There are 2 protein chains.
Amino acid sequence: MAHDHVMPTDLTRNQELVLGTLNHAPAPLSAYDILDLLRSEGLRAPLQVYRALDKLVERGLAHRLESLNAFVACADEHCHRKGLIAFAICEGCGKVDEFADAVIEERLGKWAGATGFKVERTTMEIRGKCAECLKAA
Amino acid sequence: MAHDHVMPTDLTRNQELVLGTLNHAPAPLSAYDILDLLRSEGLRAPLQVYRALDKLVERGLAHRLESLNAFVACADEHCHRKGLIAFAICEGCGKVDEFADAVIEERLGKWAGATGFKVERTTMEIRGKCAECLKAA
DNA sequence: ATCAATACGTTATAGCATAACACTGCTGCA
DNA sequence: TGCAGCAGTGTTATGCTATAACGTATTGAT
Ligand SMILES: [Zn+2]
Ligand SMILES: [Zn+2]
Ligand SMILES: [Zn+2]
Ligand SMILES: [Zn+2]
């Protein structure tokens with residue numbers, strides 16, 4: 001099922017435009033990509049996009065991919081409840097798969113406990129090829 | 001033991017300068033930070049630093065931290081033999097702890113096997129506070 | 001001597017992100 | 001009613017990160 005995203009009703013216009021753009025994109029978009037796609041809607045400056053993205057990421061409706069300097073819509077309605085999220089990014093088609101793994105998270109917790117490090121945020125990004133792209137090659 | 005880094009003998013001058021700078025830094029440096037530290041050695045352009053960094057990262061002598069757009073010297077002489085490396089980055093003092101975890105790697109391999117994804121590279125970066133900074137606070 | 005591979009140096013440009021300031025519209029309360 | 005506070009907006013300017021494109025220099029093998 002494609003585009004089965006839930007769009008909250010309490011978003012501002014800019015936030016809604018940005019989230020809508022991410023929802024319909026087949027691959028991550030940079031803030032400037034988003035801006036270009038929304039010029040026809042009246043957006044003119046990077047800050048308008050970045051401010052919307054900040055809020056969306058804060059609410060867990062979108063995620064930032066550090067290794068791409070780009071953003072994706074969250075693929076899971078209840079993602080924000082979870083802790084660590086891992087992203088598998090296909091270098092072929094750009095598709096991003098989002099998943100949580102309790103074992104990895106627990107393992108991380110163990111390491112933190114042993115070293116006295118207080119974890120605040122974890123980014124885990126896997127680059128490679130998705131099954132579909134491998135088959136096509 | 002501080003600064004117990006091994007400096008290979010087959011580096012070019014620029015590579016040696018850049019690695020030396022990273023080795024002596026207490027925290028990750030951006031390419032432009034490095035450039036500023038090396039102007040007195042005659043470096044003038046970002047590309048001189050980026051090209052050296054490319055080689056150093058390729059050889060596993062330095063690592064790029066995606067979530068910081070910055071670089072660190074590798075902390076482990078034989079790090080390049082391992083697979084997945086995780087970085088714990090202290091937001092307080094900037095110190096970076098580098099470690100490998102076989103369980104996490106195996107878990108990732110299981111996920112890849114199940115979904116048909118071919119992993120080529122993984123970045124895992126943990127942000128938080130180190131034990132020392134927590135104690136000081 | 002010739003050639004290929006690698007590194008180097010330089011200028012210009014592209015791509016990503018935030019600072020600072022002024023203004024709007026709303027909400028909650030004196 | 002009036003006002004303070006807050007979140008969102010619009011705009012301009014700026015700063016930070018990274019690469020394109022060009023030519024030269026050095027090395028090492030044939
Ligand atoms: Zn999510
Ligand atoms: Zn793919
Ligand atoms: Zn290392
Ligand atoms: Zn610290």
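The structure displayed is predicted, hence computed values, not measured ones. Reminder, nothing fancy here: chain letters follow the sequence lines and each chain counts from 1.
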Task: A:N14, nearest nucleotide to its side chain (from D:dT17, C:dA7, D:dT9) - done: D:dT9

Task: Between C1' of D:dG10 and CG of A:L35, the distance in whole Å - done: 13 Å

- [ ] Between B:R13 and B:P46, just flag the one whose closest nucleotide in DNA chain C comes earlier from the 5' side.
- [x] B:R13

Open item on the list: Considering every strand and a 4.0 Å limit on heavy-atom distances, what is the contact class for B:A31: base, sugar-phosphate, or nothing?
Closed with: nothing

TODO: Would you classify A:R51 as touching base, sugar-phosphate or nothing, given that sugar-phosphate means primed atoms plus P, OP1 and OP2, and contacts are heavy atoms under 4.0 Å?
DONE: base

Open item on the list: Please tell me if A:N69 has a side-chain N or O lying less than 4.0 Å from either OP1 or OP2 of C:dA17.
Closed with: yes

Open item on the list: For the residue pair B:T123 / B:E66, report whether a side-chain donor-acceptor contact shorter than 3.5 Å exists.
Closed with: no

Task: Length of the line joining A:E58:CD and D:dG8:P, which is rounded to integer Å - done: 8 Å

Open item on the list: Let me spell it out: for each of A:T12 and B:L47, pick the nucleotide of DNA chain D with the closest heavy atom. Which residue's pick is nearer the 5' end?
Closed with: A:T12

Open item on the list: Please give me the minimum heavy-atom distance between B:P46 and B:Y32, naming the atom from each residue.
Closed with: CG-OH, 3.4 Å

TODO: Check the angle between the aromatic planes of A:W111 and B:F99 and answer parallel, tilted or perpendicular using the 30° and 60° thresholds.
DONE: parallel

Task: Length of the line joining B:K55:NZ and C:dA5:P, which is rounded to integer Å - done: 13 Å

- [ ] Measure from CD1 on B:I34 to C1' on D:dC16 and round the result to the nearest Å.
- [x] 14 Å

- [ ] Measure the distance from OH on A:Y50 to P on D:dT11 and round it to the nearest whole Å.
- [x] 18 Å

Task: Atom-to-atom span, CG of A:D33 to C1' of C:dA17 - whole angstrom - done: 14 Å

Open item on the list: If you assign A:F71 and B:L43 each to the DNA chain C nucleotide with the nearest heavy atom, which residue ends up on the more 5' nucleotide?
Closed with: B:L43

TODO: Starting at atom CG of B:L68, determine the distance to atom C1' of C:dA17, rounded to an integer number of angstrom.
DONE: 15 Å

Task: OP1 or OP2 of C:dT10 under 4.0 Å from side-chain N/O of B:R44 - done: yes

Open item on the list: With a 3.5 Å cut-off and heavy atoms only, can you find an N or O donor on one side and an acceptor on the other between the side chain of A:Y32 and the base of C:dA14?
Closed with: no

- [ ] Would you indicate, yes or no, if C:dG9 has its OP1 or OP2 atom less than 4.0 angstrom from a side-chain nitrogen or oxygen of B:Q48?
- [x] yes

- [ ] To the nearest Å, give me how far apart CG (A:L29) and P (C:dG15) are.
- [x] 15 Å

Task: Greater than 12 external heavy atoms within 6.0 Å of B:E132's CD - done: no

- [ ] Flag the pair A:R127 and B:E120 as a salt bridge only when some basic side-chain nitrogen lies within less than 4.0 angstrom of an acidic carboxylate oxygen.
- [x] no

Open item on the list: Quick check on C:dC16: is either OP1 or OP2 less than 4.0 Å from any side-chain nitrogen or oxygen of A:R64?
Closed with: no

